[in-house]
Structure formats: C-alpha cells, structure tokens
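Below: one structure, written as structure tokens.
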Amino acid sequence: MSDSYSPITIEKSWQARWRESGVFATRQTPGKPRFFAYEYPPFPSGELHMGHVRNYTIGDTVTRYKRLQGYNVLYTQGFDSLGLPVEDAAIKVGKTPAQWLDECIEKMTDELFGLGLSYDAEKIFSYHDPEYYKWTQWIFLKLFEAGAIYRSKQWSDWCETCITALAFEQVEDGRCWRCKEQTTKTQQEQWYIDVHSVAPELLDGLETFDFPPSAKVLQRNWIGCLPGLFVEFPIEGSDTTIEVFTTKVSAIYGTTFIGLAPEHPDLPDLVTGTPDADKVLAALRDWCTTPLVERMKDPGAEGIFLDRYCTHPLTGERIPLCVAPYVQADLGTGAILGCPAHDTNAHRFAVTMGLPIKTVISPGVPETAGSDAVYLGEGHLVDSGCHSGLASSEAETAIAQDLIDREAARKGETYRVRDWCISRQRYWSAPIPIIHCDHCGPVAVPEADLPVLLPTEGVDMTRPGNPLEHHERFMATQCPACGRPARREASTLDTFVNSSWSYMRNCNPHYHDGMYDPDAVTYWVPCDFDIGGTENITVANFYFRVVLKWLDRLGLTPMSEPFKSSIFHGMVLKDGRKMSKSLGNVVRPTDLIAEYGVDSVRFQSMWAARPDSDYNWSDEKAAAARRFLTGVWYGVLDLVPVLGQTLPNMDGDPVMTNADKKFANALHVGSGKIQAGYERIEFQAVCNDLMLLWDKLKKYSDRVRAHATRRNIELLRRAVEQFLIMLNPIAPHLTEELWGRLGNPVMLAQSDHWRDRIGQDRTGQETVGQERVAHEH
RNA sequence: GCGGGCGUGAUGAAAUUGGUAGACAUACCGGACUUAAAAUCCGGAGGCCUAUGCCGUGCGGGUUCGAGUCCCGCCGCCCGCACCA
C-alpha cells in the first residue's frame, strides 16, 4: 500500500476487514459492563442525508468509545419500513412498497456501513418483515385482551389528503404532520390505546431517567395532570346527572351556566324531543367536524341554550345547560362550571350569550369589587351561602369536603393527554389483527394465526381509499369464534406502534418463541443511550413509553422505561437555513465522502458543534478536518522508523528531562480531558483537545528525533498510541491503519485498548446516563 | 400568558468549576517558497489610544482580595405548549 493518504482505499479496506472478522458481533460475556445504544430507525429512503450522518456518527462514536473501554456493546439498526411515509414514497415512483423497499434498504444499508458504523450486521432487521410485525400484532392482542386497546366511534382527527385517521399528536396547528394539509374530524370506528390509565406512571417515570430538560418538561405538560374535583349536577326532569370537572371549586357559587362540549355524549339524549332538535344536531355536527384549533380561535363564540336545566348542588338554583363550542370533549368530563366572573372563557361566552355574571370571590379592594372584569386571583368569598367570608384558599377545601359529604362530588385529577388513535385507513402497515363478524362483533385473531399477513400481490393502489378494503383475498375470512364468514379489519397500525418496541427486538431479531428474547432483553434493556432528532426524542419516545407502561403492567416485560438516557442532536444547516430540495441547498453525504473521505466527514460533523445545537455545514471546516487528519497520517508514518529503532540501554540516559516531564504531563492532562469529553458526549471539545494534543505531540517528536533516548522513544510511542486510540471513535479507519502500521497486531476495534493503555473511565460500571443524572443533583 | 433553553471576538467556541478571558479552529491580514496561483510553512490580530495605560463575557446592582462563573433585578433571542375548565 502506498504511503500517500488515500481515505477511500483505507476506508473500504477496513470496512471489509471489520465485517469479515466479525468484531462488531454483539457479546454478552460475563464480568463486563454493558452498553446498549439505540438510534431511532432511519426511514429507508435509499439515501442518507446530513442529519443521518450526524445522528449515527454520534451513536457510533459513543459505542466505539465504550468498546475501547471494555464494555459489551449492543449497537445495531432496524429499518422503519412500515407506515404512511413508505407508502407515499412508493406511490410517487409508481411501485409497490415491497418493490420499492428492497432496493432502498439495500442501498441504505451500504451507505450506513459506508459511514464506518460499527453495527452488528447480524441484528439488522426491518419492520415490514412478518417475523417482526407478527409480534407487533401480538402486542395489539395482549393490550386488546387487557382492555388497554379499545374501539370507539368518538370524534377523531382526519386527513382528507392522506385519507386516514390521525393521532391527536400528529395534527400540528390543525394540519396533518405528513402532508401539511388542513385536517378535519370524523366520527368513525377507530382503535385507541388507553393513555389516560397509564398517565400517572408516565409522569412518575419521567423522574427516573436522564432526559434533556426541555423534553422532560414537554412530556410533562403534554401529559398535563390537573388535580381537581368532579361535581354532579342533577338534571331537572330526569334522573341523570351532568358531571363537571373543576380545579377551582371555590367559585362554584358563581355558576350561572353549565357548558357542554359539542361532542358531549349526553347531548343527543338531551336534545331529543326538543322543538329545535334537528337544528341543534346540525350545529353540533358542524362544530365536531371543525379542527379544535379553529374552534378555539374564538372562545366567546355563540353557543346554544338547550332549554334544559340542572340543579346547583349547594344552592338548589336552576342552572341552564348550554353547548359551548370552546369546551373540549377530551378534557375533564367535557362539561364545565360556567363561572363568568372568575374564568376568562366563561366570561366571554356569558357576554355573548347574555348570561348573568355573578361575583363570588372578592379581592377585598374596593375599586375592583363589583367591576365587570374577570377576577382570577385569590380573595374571600362573597354571596356564597354558608361559605361567605372564607378565604378562597380555605373555601377550596371546605366546599370540596361539603360536596363530598353530600355525595355530590369526588376528588380526582384529569389529564390533558389524549388516548392514542392507532388505526390508519392505509395499506402499508401491520394489519390490525381483528375479524368483524356479524354475529360476534369484533373478534381477536387467535395467536396461532399470527401474523395476519399484509398482502403484497394483487393490491390496487390506484383506487382512492384503503387498498386493503378492496382486496377480497385479504378481507374474506371466517369468524374465529363461530366459524361463519366474516371480514377482516382493514385498518392498519400507526407507524409509531411498529417502532414502539423495536429496541426489544434489537437485542435478538431472530428469536422465534416470543416478541423478544428474554435473556437478551434482561441483559440489555433499558438502553443506556438513545440519540435522535427532537421529534424522535419527544413524540416517538412518548409512544414507546406508553406501550411499555402497558406491557409492564401486564407483566410482559422486565422493565418499565425503555431508556436510561436520551439526547437529541441539532440540525445541519446550510447558509443558516434548513437544507431542503426547494431551497436547492442540500449537501449530499455521498458527495462529501467522495471528496473528503468518511473520517474527515465524521470528524467535521463531531467538531462543528456540540451535539445538541444546530450547525452550519461549511466546506472550509471539512477541508480543515481533512487537513488535520492528513497531518496525522504523514506525521505518524514519519514516526514509524523513529519509534521502531532500538537503542542500547545507556547508563548515561537522564532519568527524564524537563521537556520529557512537561510532555508527559501534557499527555496525561490531555487524555483526561479527552476522556471526560467522551463521557459527557461533548465531542466538539474532544476534537479540539485532540488537535491540541497532536500539536504538542508533533513538537515533542521533533525533540525526540533530534536526541533519541530509550526513554523518550518509549514515551513518544506511548503518546502516539494513546492518541490513535483516542482519535479512533471519531476517525476509525485512519487510526486502524496507522495502528497497524505501528506493528500492533490487535485491531483497535477488537479490544479494550483504552482501558488497557490509558485507563478506565471514572464512572466504572456506570453508564453515561447515570453520570449525567448524578451531575444534575 | 405559562414553561424550557441561551446571551463571550467577524464565526464555531475554550476557560482546570471563583483565580492571567478569548485556548484550539475557521475566515481575515502580513511574510516565506513559487514565473504565477493553489497547497504548505512562519507571523499578526478583543476594543480605545502615540504610548505608559484604560475599557472589555447582553444591561444594572450585589457578595468577594478576586466574578464569564455565585445572588438580585432588567433587556434580548430561540424552542415548546396554549384562551386547560
């Protein structure tokens, strides 16, 4: 091999050697700490983008560092090959998803390994493999049996363009997360995962793992626990009640109406028989189909008097029932206490509807008392029967107790989070394993009949709507309960259901006797480290947790949180803007690799910014990275003969000159800083410190060249080797090659050289995540 | 409105955790080598000033022998949630 630096030659050769030698095969050897790094799966578009390069280089760097530290590492990948994005991409090029995927996954796999990623190739799998989605369906059945999955005709978000239902979280500002078109709402049978019931665990669990503070807060707000009181209002002329939820019961004497969400399930009954029933129902329909964001734009919008009344549980007053469009069905009970004097929305609504406004909490300041303004603060109660005069904070507990004693109320909390709508009226995902029978209703597919295969032949994708519905061979079946002819459920699972348990499958994707290999999962999960973009870390992570909370409750998993530690990476920008085809500023990783070599691209990606901040792609910086690595290449090669010489052991050798001592110290301090940088996932600092150390190393090597002694050659050799070990996680190919040229027989990828030659990480058995938690407190 | 993050050169950013602010790098300027350019190497550089010096980590206070770092109060930017019962 020639001595000029040719990244492509070196990189291809080392990638092949790593693969052939199987150094990245997962090991569960006893007596070693473990490290499982999870990366959110790539959508198999067939071509990497800069975001992938950044994401996966971070993951790879971490795992290579951990291997060098003597950890058993699990690092592999699964392809997110089911779901709407794949189906749409295939339609665009006029292929079936299956045809399209074959090519793309192959190409994508090559590109991933081309980045030098140290994946365990044997463990790579795809979500559209029936061996995988069989178990996704199995999870569905388990949750269905337990009541965690239910079918409901409640109003759900709907995208006309994608022709499918959407989860609440997949609607962004009234628009579909995929096509960005305005969404609407429909009332069709859809499948839901009960998130409400596991909300307390989801909230508590947040405290147990290391998560970026912003993401933690986001999920906490998202779950949104509101403690309060459920109060029953008896309906006049009926033996039923309306239940409202309130967080401010101290204002209950100021109730002048009860506001019902247009979706409120009792409304049809309340309206039936009234003269305007048809008109009212039409109006309700109108509100129900409008996306929530639209409806909430004007909370003071006119509602409807129902001409029905309920009775105030404390005063016995007649309180009118109204439909208030600003009231949300999924929050609390979908019915609210209308206290216009002490609630902004109720006030606006009361003004529009001409309802009375009754002040019951007085701030005790004369000029504000009696004014028309809404008073939201504390004060003392007025006009509140036997509770008048109490401070509002005292009244909160006193009135609650009073109502509870009268059996008119119960304490509780409501969660802002919505149950997760998981059914999609689209073709390319795991079919929901349910059979609809005219006699038995929806019946679970027996476990033995799994997987319910997604047909890949005879699918007509040109017709609008769900192609599965028109696929007779798929649809026609028998009822597992009564044996009569029946129809399959044509909806498929939301893409996040597919990925929700992928990290368990990563441990052993070839396991046949269950959804996961229990030995492997007990050993590896929860994952020590998880890296993704912001959406992964917030949205996907949340869904993963929901599914796991249920599996844990059902005793199906040995853990209750998927990850010990998550971090997110920023975006890669070009000229300060997001890379996009429409702006024409897309930088293609394959071009960069051809120009600079993988190691330089990796180095530049890690060096450009700390992982969590955005950075601007810059050619100058890539060139600088290349220059640095080129310098290392020639620098180390030049030293090979120097380090290889054997000098006689001369008694006259000074023990250690000042220069030796100074350099030895610089090496020690530098290594410590570099190690700390790796531990804290601050790779930018690692790169800077590596460059600094290299500079010192080069200067010292000139000194050694001028006056070589056994001792300083020994020190220099140690320094060069340490330097290569420390640079290895970021620039693995170059360092392997140089390491070999120095005569080291055992590959860098093959052994725990770091622990051997430099020292153990300060945290010992602890993981990165735990260390970060420890720093926080 | 609520919550979270962040403010240091032209730029990405360092600062041994309270001890010489701006390491290292990019861009920039100058020099060397070249017929020339590129590459490479060497040197310069926070601001003000002729200079001794003075001022400098968003702004204003405070604690301290000493503050980018700790405390209080403002200002500005980014992100998330939202008329939440």
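Note that these values count all heavy atoms, side chains included, but never hydrogens, waters or copies made by symmetry. Within every chain, numbering begins at 1; the chains are lettered A, B, ... in the order of the sequence lines, protein sequences first and strands thereafter.
- Nucleotides B:U52 and B:G43 place their C1' atoms 26 Å apart, quoted to the nearest Å.
- For the C1' atom pair drawn from B:U11 and B:A45, the interatomic distance equals 15 Å after rounding to whole Å.
- The residues A:Glu243 and A:Arg410 are annotated as salt-bridged, a charged nitrogen and a carboxylate oxygen being separated by less than 4.0 angstrom.
- Spacing of P atoms, B:A14 relative to B:C6, comes out at 12 Å, to the nearest Å.
- When the C1' atom is used for both B:G76 and B:G60, the distance is 15 Å, rounded to whole Å.
- Between A:Arg220 and A:Glu207 there is a salt bridge, with a side-chain nitrogen of the basic residue lying less than 4.0 Å from a carboxylate oxygen of the acidic one.
- Between the side chain of A:His342 and the backbone N or O of A:Ile361 there is at least one donor-acceptor pair closer than 3.5 Å.
- Rounded to an integer number of Å, the gap from A:Met296 CE to B:G1 C1' is 14 Å.
- Rounded to whole angstrom, the span from the CG atom of A:Asn221 across to the P atom of B:C81 amounts to 10 Å.
- Taking the charged nitrogens against the carboxylate oxygens, A:Glu294 and A:Lys297 do have a contact shorter than 4.0 Å, which makes a salt bridge.
- Distance from the side chain of A:Tyr326 is smallest to B:A85 among B:A85, B:G4, B:U26.
- A:Thr247 comes within 4.0 angstrom of the backbone, heavy atoms only, and of no base.
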Next item on the list: Decide side-chain contact (heavy atoms from CB on, under 4.5 Å) for A:Leu321 and A:Phe233; before the verdict, give the C-alpha distance in whole Å, the side-chain angles of both, and the deciding distance to 0.1 Å.
Entry: CA-CA 10 Å; A:Leu321 289 173; A:Phe233 280 66; over 6 Å; no

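- When the C1' atom of B:G3 is taken as reference, atom CD of A:Gln219 falls 15 Å away, rounded to whole Å.
- Regarding A:Asp702, its CG atom lies at a distance of 13 Å from the P atom of B:C41, rounded to whole Å.
- A:Gln154 and A:Asp419 are not linked by any side-chain donor-acceptor pair at a separation below 3.5 angstrom, with hydrogens and angles left out of the test.
- You'll find the ring centres of A:Tyr40 and A:Phe544 inside the 6.0 Å limit.
- A:Arg418 and A:Gln328 share a side-chain donor-acceptor pair at under 3.5 Å.
- Taken together, the paired segments of RNA chain B that extend over three or more consecutive Watson-Crick or G-U pairs, each closer than 3.5 Å at both contacts, are B:1-7 with B:75-81, B:10-12 with B:24-26, B:28-32 with B:40-44, B:46-48 with B:53-55, B:58-62 with B:70-74.
- Atom C1' of B:C55 sits at a distance of 15 Å from the matching atom of B:G9, rounded to the whole Å.
- Per the geometry, CE belonging to A:Met571 stands 11 Å off C1' belonging to B:C78, to the nearest Å.
- Side-chain atoms of A:Arg416 lie closest to B:C84 of the nucleotides B:A85, B:C84, B:G80.
- In this structure, CG of A:Leu292 is placed 14 Å from P of B:C81, rounded to the nearest angstrom.
- When atom types are taken as modelled, the side chain of A:Arg626 and the backbone of A:Ser600 share no donor-acceptor pair closer than 3.5 angstrom.
- Between B:G47 and B:U63, the two P atoms lie 33 Å apart (nearest whole Å).
- B:G9 has its base syn relative to the sugar, with a glycosidic angle deviating from 0 by at most 90°.
- Counting non-hydrogen atoms under 4.0 angstrom, A:Leu226 reaches the backbone sugars and phosphates but no base.
- Comparing A:Arg348 and A:Ala215, the nucleotide of RNA chain B nearest to each residue sits closer to the 5' end for A:Ala215.
- Nucleotide B:U34 is shown with an anti base, its glycosidic torsion being more than 90° from 0.
- For the residue pair A:Tyr596/A:Gln604, the side-chain donor-acceptor check at 3.5 Å is not satisfied.
- B:U17 and B:G4: their C1' atoms are spaced 24 Å apart (whole Å).
- The shortest side-chain heavy-atom distance between A:Arg703 and A:Phe663 does not fall under the 4.5 Å cut-off.
- Straight-line distance from the CG atom of A:Leu260 to the C1' atom of B:A85: 13 Å, rounded to whole Å.
- Residue-level contact check: A:Val327 touches the bases, meaning some heavy atom is under 4.0 Å from a base atom.
- For A:Asp343 and A:Ala624, each mapped to the nucleotide of RNA chain B holding its nearest heavy atom, the one lying further toward the 5' end belongs to A:Ala624.
- The separation of B:A36 from B:C49, taken at their C1' atoms, amounts to 41 Å, rounded to a whole angstrom.
- Closest to the side chain of A:Leu331, from the set B:C24, B:C84, B:G3, is B:C84.
- If you measure from atom CD of A:Glu413 to atom P of B:A85, you get 14 Å, rounded to the nearest angstrom.
- Using a 4.0 Å cut-off, no side-chain N or O of A:Arg220 falls inside it from OP1 or OP2 of B:G4.
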Polar atom pairs between nucleotides 12-23 of chain B and protein, under 3.5 Å, N or O only, would you list them?
unit_1: B:G12; atom_1: O2'; unit_2: A:Ala608; atom_2: O; d: 2.5
unit_1: B:G12; atom_1: O2'; unit_2: A:Gln684; atom_2: NE2; d: 3.2
unit_1: B:A13; atom_1: O3'; unit_2: A:Gln684; atom_2: OE1; d: 3.3
unit_1: B:A14; atom_1: OP1; unit_2: A:Arg610; atom_2: NH2; d: 2.6

